[in-house]
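In what follows, chains carry the letters A, B, and so on, assigned in the order in which the sequence lines appear, proteins first and then strands, with residues in each chain numbered from 1.
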Amino acid sequence: MLPRPHRVRRPDDFRRILRRGRKAGRRLLSVHALAGDDGGRRAGFVVGRSVGGSVERHRVTRRLRHLVAARLDALPEGTALVVRAHPAAATATSAALAADLDAALRRLGVLPGPHAGEPVGPTVARSG
RNA sequence: GGAGUCGGCCGGGCGGCCGCGUCGGGCCCCACGAGGGCCCGUCGAGGAAAGUCCGGACUCCACAGGGCAGGGUGGUUGCCAACAGCAACCCGGGGUGACCCGCGGGACAGUGCCACAGAGAACAGACCGCCACCGGCGCGAGCCGGUGGUGAGGGUGAAACGGUGGUGUAAGAGACCACCAGCGUCCUGGGUGACCAGGACGGCUCGGUAAACCCCACCCGGAGCAAGGUCAAGAAGGUUCCGCCGGAGACGGCGGAGCUGCGCAGGUCGUCCGAGGGCUGCCCGCCCGAGACCUGCGGGUAGACCGCUGGAGCCCGUCGGCGACGGCGGGCCGAGAUGGAUGGUCGCCGCCCGCGGACCCGCGAGGGACCGUGGGCACAGGAUCCGGCUUACAGGCCGACUCCUCCG
RNA sequence: GGGGCUGUGGCGCAGCUGGUAGCGCAUCACACUGGCAGUGUGAGGGUCAGGGGUUCGAGUCCCCUCAGCUCCA
C-alpha cells in the first residue's frame, strides 16, 4: 500500500471524494479528484467484483498504486483522489493503465501537460 | 521397450532500479500522546491460503439441566482433542494383475409403493398350451364346444415363488428322492471383533425398495472474532417523501415532515399475589429480576486499542506398532494486515509447446542431445486459529509394484 | 462469518407424494387476403446447470461441483 499518510482510509472520506469531487472516466479506469482537502496529497482505490477474482483485483490494485505513487508529488497540495478500476483493467498492461491514468488526471487539471521523468510507456498527450 | 497401479515431493531461479507492512535497536522533532520522521537489522502467503462440506480450540449467553420435537452418523477393531477424517481388517462388486470402488445396521415391529407390458406383481396367476371326461361332426387321423385337472412349456417384465437328474402321474407339480445353491437353528474350531472353516438337523424356498415413512444403536445446548472486552468523542445518524438553490444530466447543498435507535417529561401496568426477560422451538424445571408499554419533546458511535497469533506447532534421531499414530531425547520460531502489506518494472538463465535444419544409439517401435525461430510458464492469495474433506492446477522429480513383448 | 433461493425449448414459467416432460409468447409451413396485419390448422426445437450414486426406472431422492441472485450481523 501507499505510505500510511497518503492513503484514503475512512468510508466517509471515500464517500465525500466520490460525491463532491470532479470525475474523469477513461476506458480502463475513472478518477475522482477533490481539491482543497486538508489531509495532504492522498489517494484511494476502488476495484469492484466486476474486475475479476481476488487475484486479478489485487494485481490491478498494486499496479495502479505504483503508478499513482509515482505521480503523487506532482499533484497540488491538498488533492484527494479515488481511482476506480473498470472491468477492462484486468487484462490491461501497466503501460496502458498509465496512459489512461495520465489522461484522466490531465483532464481534471491536477497534472500539468506532457511531462518528463516518467519511466512508463509512451503516454499520448491528449489534453482536453 | 511398451502399457499401467500406488505412495511421496516440488511447483520457477538470480540480479539492477524504485516501493510497502510487522517486530527490535539507534538518532532527531514535538502542540509530550511510547505521536511523527530518518537509518540499521529482522521476518513477510498456499498446496490448495479456495469452496465453506464437517470437526474442534476460543469468547459470550448464570450452570449448560430433563423430556418431546429436530438434526447427524451407520461393517468391525483401532488412531485422534474431535470428526462425516485416517489406518488395518471383514463382506460385496470390478480388473489377467499390481490394485480399485462401496451412505456397508434392520424388510418375520408396522405402514406405503412397485408405472407400462403381461393371463397373473405378493400367503400371485389359467391367455395359449398339455391331460381326462362328456356332447357334436368325420370312414379315419382328428376338429369344435363344455366341465374339470395342471404352475412342467410359450410369451411379457427389472422382478413370475429354487437349479439339474430321476421317481411318479391321465397330464403334471418338492408330491417324493439324490446332489447343488440359498435360508433358519444348533454344535465344534479359529479370531478382541466384523466374520471365516467344518459338521448335524429342519421345513422344502421365503421378492425388491428404508439416499419412502419408520425401527434400533450412538452423537449433538445456542450463537459466532462484526464473538467478546477497554477507552475516548459528543459535530454531521440512517432511510423515505416534499420544497428551494446550483447543474445539460448524473448528482450535490440547504430546509421541512414521517419512521427508527438513545435521552427527558407525562400516563398506564408492576416491584408481599412479581412487570419483563434468559436458558435454540414446545413442555417441565431453573435462573436473573425493577422495570415494561404508550404518547409528546429533544435528538446520538462501526473511531482507537485489546482479542491477534507459540500452536492438538515444525524438523531431526530413536523406540513401540502391519499401519494410522504414540512415547522419549535434541533443535527451531515460520505473516499479523485493517479501503487491507509481501509488490512494480527491466535484464539474464531455466522449463514447456509448435515449425525448420541436422546428429548419435537401436533391426524396429522408440530414446537421447544441438542450432535457429515464434509463443507460453498453471490453479490461485491470508483476515481469530488449528485438524480433515472436496474441488482447481502448466510442468517436473523420487520410490515401490503389476502385466505384455524382446534379448541372454 | 452465518443463512436462504434459483438454474427445464430462443424468452418467461409449470412439472404434486419417482413412471419416460409440458404451457404461453416467439420460429417455420400451409390456408383465408391483391399484399401486410390478424386468425385458424399443423410442425420443428430439450446434455432438465455439470458429475457421481440409490432404484427396474431420477427433472423429482442423496452427495459433490459450477454459475447467478438475495438476506442478516
For [N], does OP1 or OP2 lie under 4.0 Å from any side-chain N or O of [X]?
| X | N | answer |
| --- | --- | --- |
| R65(A) | rA341(B) | yes |
| R57(A) | rG381(B) | no |
| S94(A) | rU345(B) | yes |
| T93(A) | rU345(B) | no |

Who does [N] pair with, Watson-Crick or G-U, both distances under 3.5 Å?
| N | answer |
| --- | --- |
| rG291(B) | rC269(B) |
| rG224(B) | rC58(B) |
| rG255(B) | rC242(B) |
| rC32(B) | none |
| rC370(B) | rG357(B) |
| rC32(C) | rG38(C) |
| rU5(B) | rA400(B) |

At what distance, to the nearest 0.5 angstrom, does CZ of R26(A) lie from CG of L101(A)?
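R26(A) atom CZ to L101(A) atom CG measures 11.0 Å (nearest 0.5 Å).
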Within the side chain of D100(A), is there an N or O that forms a donor-acceptor pair under 3.5 Å with the backbone of L28(A)?
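Looks like yes, one N/O pair under 3.5 Å.
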Any N or O donor-acceptor pair under 3.5 Å from the base of rG381(B) to the side chain of R62(A)?
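Per atom types, the contact qualifies.
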Sequence-distant partners of H86(A), side-chain hydrogen bond (donor to acceptor under 3.5 Å, both in side chains), two or more places apart:
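If we apply the side-chain hydrogen bond (donor to acceptor under 3.5 Å, both in side chains) test to H86(A), skipping adjacent residues, the hits are S30(A).
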With P76(A) via side-chain contact (heavy atoms from CB on, under 4.5 Å) - residues at least two apart
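By the side-chain contact (heavy atoms from CB on, under 4.5 Å) rule, P76(A) matches T79(A), V110(A).
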Nearest to the side chain of H66(A) - rG343(B), rA341(B), rG21(B)?
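Nearest to the side chain of H66(A) among the choices is rG343(B).
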Does rG118(B) sit syn or anti, given that only angles within 90° of 0 count as syn?
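This nucleotide is in anti.
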